[in-house]
Amino acid sequence: MVALLILNILDNVIQIYTWALIIYVLMSWVPNLRENAIGQFLGRICEPYLEVFRRIIPPLGMIDISPIVAFFVLNLARIGLHQVFMMFL
């Protein structure tokens with residue numbers, strides 16, 4: 001029971017972080033939206049994770065595809081987390 005509770009909490013944290021990344025990426029489409037309090041908060045929690053992928057994947061002209069890879073890796077981590085927990089249940 002405790003393992004399922006931990007899995008559920010970690011899964012919810014990953015989902016909330018995924019939504020935070022989506023909102024942060026969409027905020028880049030609107031000028032000056034990242035300068036408000038919510039944008040600055042999301043920047044502090046999302047930029048360190050996105051920066052890892054930006055160092056590896058350079059932008060293609062004006063298009064930054066690193067968030068797509070970041071979402072893919074986050075989803076793989078979520079699936080891997082489920083698989084690890086299911087092995088021990």
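The line from CD1 of Ile23 to OG1 of Thr18 is 11.0 Å long, rounded to the nearest 0.5 Å. Rounded to the nearest 0.5 Å, atoms CG (Leu21) and SG (Cys46) are 4.5 Å apart. Met27 contributes atom CE, which lies 14.0 Å from atom CD1 of Ile22 (distance to the nearest 0.5 angstrom).
The number of heavy-atom neighbours closer than 6.0 Å to CG of Leu60, taken from other residues, nucleotides and ligands shown, is above 12. More than 12 heavy-atom neighbours from other residues, nucleotides or ligands sit within 6.0 angstrom of CD1 on Ile45.
Scanning for salt bridge (Lys or Arg N to Asp or Glu O under 4.0 Å) contacts around Glu51 gives an empty result, with sequence neighbours left out. Partners of Asn32 according to the side chain to side chain contact (heavy atoms under 4.5 Å, CB included) rule, which considers only residues two or more places apart in sequence or in another chain, are Glu35. Qualifying salt bridge (Lys or Arg N to Asp or Glu O under 4.0 Å) partners for Arg54, counting only residues two or more places apart in sequence or in other chains: Glu47, Asp64.
At a threshold of 4.5 Å between side-chain heavy atoms, the hydrophobic network of Ile, Leu, Val, Met, Phe, Trp and Tyr places Met87 and Leu76 in two separate groups. No single ILVMFWY cluster, assembled from side-chain heavy atoms under 4.5 Å apart, contains both Met86 and Ile79.
Note on residues 58-89: no pairs pass ring pair (Phe, Tyr, Trp, His ring centres under 6.0 Å), not counting sequence neighbours. The stretch residues 67-78 participates, sequence neighbours left out, in these side chain to side chain donor-acceptor pair (under 3.5 Å) pairs: Asp11-Arg78. Identified under the ring pair (Phe, Tyr, Trp, His ring centres under 6.0 Å) test for residues 17-45, with sequence neighbours left out: Tyr17-Tyr49.
With Asn8 as reference, Asn12 is the one residue of Asn12, Leu4, Ile6 to meet the side-chain contact (heavy atoms from CB on, under 4.5 Å) rule.
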